[in-house]
Amino acid sequence: SRLDGPAEPDAVEVLVVGAGPAGLVAGITLAGYRLRVLVVEKRSSISPLSRALAISTRSMELLRGWGLEEQVRAGAADVESRCWVTPTLASGEGREMPLGYPSDAEAAAVSPTRPAWAPQDHLEPLLLARLRTAPSATVRMGTELVDLVQEDDCVRASLRDAASGRVERVTARFVLAGDGAHSTVRDRVGIRVDGPDDLA
């Protein structure tokens, strides 16, 4: 059922920080439940880089449910996933190593879809366009989270508009951190990272 949100006119039920694939998928999912969701992204536009490539079977099931499977596959490579371990790229020697993704036949045994190999700069525009069709969702690019304050029944967030420098305060029932490895949300609420933070 729908949450009873705070009474303030600038209130949302969920503030999603970060408009990469995780934040966009979260926003689409929350808006699908008719929750008032605000997705903010400090970049002025979505990523122009390919970045992540693999989209799992379960992720493709979600995308299929939103009517995006064909559009995702239109920008995907038609490949079976394999990893080649070799001393150098020029050596011609090496061995195949499984990546853990099912083959098309294995995926077909358990799902109506299969993994896809589409670059992030192809996937993100599709997710963003889908999110923008949701009546209960708002997306603000060029908007950076600068502070979070946890209160008894809500979170108060300070958001800075990159173009004007204006800071706006928004109240949310929940905040979702979709802002990546160097998360401002995690930093502001004091969630530690265990282990090394400089991998890959």
Side-chain angles (χ1 to χ4, degrees), residues 1-49 51-52 55-56 58-59 62-63 65-66 68 120-121 123-200:
S1 69
R2 198 180 154 102
L3 296 173
D4 293 325
E8 294 92 341
D10 61 347
V12 295
E13 289 162 307
V14 183
L15 169 64
V16 177
V17 181
L24 293 170
V25 166
I28 293 167
T29 302
L30 293 163
Y33 289 105
R34 298 191 181 114
L35 297 174
R36 290 186 315 276
V37 60
L38 170 61
V39 178
V40 297
E41 170 58 53
K42 67 181 177 181
R43 298 172 297 170
S44 59
S45 63
I46 53 181
S47 178
L49 306 173
R51 302 170 66 127
I55 305 172
S56 71
R58 180 60 187 137
S59 295
L62 293 173
L63 294 165
W66 295 330
L68 296 176
Q120 191 167 327
D121 59 338
L123 177 63
E124 279 187 10
L126 300 175
L127 294 172
L128 181 59
R130 176 68 170 78
L131 178 59
R132 285 186 164 150
T133 67
S136 66
T138 303
V139 180
R140 293 189 195 161
M141 303 302 284
T143 302
E144 181 179 11
L145 173 74
V146 292
D147 197 23
L148 274 180
V149 177
Q150 175 71 58
E151 300 198 358
D152 289 341
D153 60 348
C154 67
V155 178
R156 298 198 189 277
S158 297
L159 307 173
R160 180 174 39 235
D161 180 79
S164 69
R166 186 173 74 88
V167 174
E168 172 189 8
R169 285 171 181 69
V170 173
T171 301
R173 292 284 308 275
F174 300 95
V175 174
L176 192 148
D179 53 345
H182 304 287
S183 170
T184 302
V185 173
R186 189 178 62 228
D187 179 60
R188 294 299 185 267
V189 297
I191 300 172
R192 291 181 350 142
V193 176
D194 292 326
D197 64 356
D198 58 351
L199 301 175

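Keep in mind that this is a model prediction, so the values were computed, not measured.
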Find out whether [X] and [Y] are in side-chain contact, i.e. whether some heavy atom of one side chain is under 4.5 Å from a heavy atom of the other.
| X | Y | result |
| --- | --- | --- |
| L15 | V155 | no |
| L128 | V39 | no |
| V37 | L176 | no |
| L38 | R140 | yes |

Partner of L159 under side chain to side chain contact (heavy atoms under 4.5 Å, CB included), chosen from D147, V167, T143:
T143
Apply the side chain to side chain contact (heavy atoms under 4.5 Å, CB included) test between V175 and each candidate in V12, V17, V189, V14; give the one that qualifies.
V17
CG-CG distance between L63 and L127, expressed to the nearest 0.5 angstrom:
6.0 Å
When rounded to the nearest 0.5 angstrom, what is the spacing between CG in D187 and NE2 in H182?
12.0 Å
Please walk me through it: do R169 and R156 pass side chain to side chain contact (heavy atoms under 4.5 Å, CB included)?
CA-CA 7 Å; R169 285 171 181 69; R156 298 198 189 277; over 6 Å; no
CA sep, side-chain torsions, deciding dist, call: W66, L131, side chain to side chain contact (heavy atoms under 4.5 Å, CB included):
CA-CA 10 Å; W66 295 330; L131 178 59; over 6 Å; no
Heavy-atom closest pair, residues [X] and [Y]:
| X | Y | answer |
| --- | --- | --- |
| A157 | L145 | CB-CD1, 3.9 Å |
| A19 | M141 | CB-SD, 4.4 Å |
| P48 | D121 | O-OD2, 3.6 Å |
| T184 | D179 | N-OD2, 2.9 Å |
| A177 | S183 | CB-OG, 4.0 Å |
| R130 | I28 | CG-CD1, 3.9 Å |

Begin from the C-alpha positions of L24 and E124 and carry the test side chain to side chain contact (heavy atoms under 4.5 Å, CB included) through to its verdict.
CA-CA 8 Å; L24 293 170; E124 279 187 10; 4.3 Å; yes
Taking [X] for the side chain and [Y] for the main chain, is one N or O donor matched with an acceptor at less than 3.5 Å?
| X | Y | value |
| --- | --- | --- |
| R188 | V146 | yes |
| Q120 | S47 | no |
| S44 | G142 | no |

Any salt bridge between E144 and R160, counting N to O under 4.0 Å?
yes
